[in-house]
Amino acid sequence: DTEVTQTPKHLVMGMTNKKSLKCEQHMGHRAMYWYKQKAKKPPELMFVYSYEKLSINESVPSRFSPECPNSSLLNLHLHALQPEDSALYLCASSPQGTRVGYTFGSGTRLTVV
Amino acid sequence: SQQGEEDPQALSIQEGENATMNCSYKTSINNLQWYRQNSGRGLVHLILIRSNEREKHSGRLRVTLDTSKKSSSLLITASRAADTASYFCATGDDKIIFGKGTRLHILP
């Protein structure tokens with residue numbers, strides 16, 4: 001299995017809702033990442049997990065809460081989001097940081113209404 | 001903050017022609033990567049070039065790196081319609097940061 005699987009592919013949520021994005025990989029990669037991408041912009045790093053521990057938080061608002069339950073799973077819990085949080089959320093993994101390329105999932109397109 | 005800046009921002013060429021995209025970065029690097037993104041979906045890793053390498057090939061892709069000028073180029077030879085996508089360079093150690101990207105459109 002050489003893929004990163006993200007679910008759901010599309011999500012519409014209200015500003016008072018709580019939802020979660022899920023990311024799964026079975027390549028044995030020990031680094032996992034969340035990126036946010038707005039239209040016609042590059043992906044922006046949100047969080048880095050290394051060996052299931054949060055190693056980098058790019059000053060992301062607390063309404064985004066990451067979780068790494070095990071080495072194969074990465075979740076992003078969403079609560080009280082704003083319409084400007086609407087974006088494509090991308091998960092990626094890599095075996096050992098940046099010395100090799102990242103494997104990206106196809107993303108979750110989130111719309112906050 | 002973004003490390004890389006791609007040039008041009010957008011490029012349209014005829015199918016069969018070669019496409020060249022450039023990336024400039026600001027600080028010293030250990031490696032530089034190029035990614036492709038189709039239609040706003042997931043990114044695909046194309047190639048990684050290390051700081052001690054000057055050129056690398058993968059199929060129709062050729063990447064060069066000039067650390068003295070802090071720049072890299074991606075050449076796609078004999079372009080195809082399927083090459084229509086956005087291309088990003090990326091640099092970093094504990095994390096990779098993407099440049100603004102080049103939107104490539106291959107005309108039939």
Side-chain angles (χ1 to χ4, degrees), chain A residues 2-7 9-10 21 23-25 27 29-51 53-60 86-111, chain B residues 1-11 21 23-25 27-53 56 58 61 63 72 74 84-105:
Chain A
T2 58
E3 291 186 344
V4 172
T5 302
Q6 287 188 247
T7 54
K9 293 193 184 306
H10 300 272
L21 308 185
C23 174
E24 191 168 5
Q25 58 89 13
M27 295 176 282
H29 289 176
R30 302 314 298 267
M32 296 185 76
Y33 313 84
W34 281 114
Y35 281 83
K36 173 184 176 180
Q37 186 177 28
K38 303 283 274 187
K40 297 188 177 181
K41 297 290 186 181
E44 294 181 354
L45 182 67
M46 300 175 73
F47 302 104
V48 178
Y49 271 83
S50 178
Y51 290 89
K53 294 191 187 306
L54 182 65
S55 59
I56 296 176
N57 176 341
E58 292 287 294
S59 302
V60 178
S86 298
L88 181 68
Y89 288 84
L90 294 161
C91 174
S93 70
S94 69
Q96 50 183 355
T98 65
R99 284 175 283 176
V100 295
Y102 289 9
T103 302
F104 277 84
S106 57
T108 294
R109 190 162 297 283
L110 174 68
T111 302
Chain B
S1 62
Q2 287 157 5
Q3 165 76 306
E5 292 275 343
E6 281 90 342
D7 167 46
Q9 291 188 359
L11 177 64
M21 289 158 271
C23 168
S24 59
Y25 57 91
T27 61
S28 62
I29 59 171
N30 291 317
N31 60 66
L32 183 143
Q33 306 180 42
W34 284 92
Y35 288 81
R36 182 187 75 228
Q37 184 176 36
N38 292 88
S39 302
R41 300 308 293 184
L43 285 82
V44 174
H45 178 254
L46 297 176
I47 200 164
L48 181 150
I49 186 165
R50 303 190 192 284
S51 59
N52 61 353
E53 298 175 307
K56 201 163 182 179
S58 177
L61 305 180
V63 168
S72 173
L74 171 66
T84 293
S86 291
Y87 292 82
F88 296 94
C89 67
T91 58
D93 292 321
D94 298 330
K95 58 189 181 185
I96 64 170
I97 305 298
F98 290 90
K100 293 182 179 179
T102 293
R103 294 189 304 278
L104 175 65
H105 184 55

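Each chain gets a letter, A, B and so on, in the order its sequence line appears, and its residues count up from 1. These numbers were taken from a predicted model, which means no experiment stands behind them.
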Neighbour count >12 (heavy atoms, 6.0 Å) for atom CD, B:Glu53
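Counting other residues, nucleotides and ligands, CD of B:Glu53 exceeds 12 neighbours.
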
Who passes side-chain hydrogen bond (donor to acceptor under 3.5 Å, both in side chains) against B:Gln37, sequence neighbours left out?
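side-chain hydrogen bond (donor to acceptor under 3.5 Å, both in side chains) list for B:Gln37, sorted by chain: A:Gln37.
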
Say you draw a straight line from CZ of A:Phe104 to OH of B:Tyr35; how long is it, rounded to the nearest 0.5 Å?
5.5 Å

Where is the tightest heavy-atom contact between [X] and [Y], given as atom of each residue plus distance?
X: B:Gly99; Y: A:Pro42; answer: O-CB, 3.0 Å
X: A:Leu90; Y: B:Leu43; answer: CD1-CD1, 3.6 Å
X: B:His45; Y: A:Tyr102; answer: CB-O, 3.6 Å

Identify, with sequence neighbours excluded, every residue that meets side-chain contact (heavy atoms from CB on, under 4.5 Å) alongside A:Ser106.
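A:Ser106 satisfies side-chain contact (heavy atoms from CB on, under 4.5 Å) with A:Lys9, B:Arg41 only.
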
Flag the pair B:Phe88 / A:Pro43 as yes when at least one side-chain heavy-atom distance between them is below 4.5 Å, and no otherwise.
yes

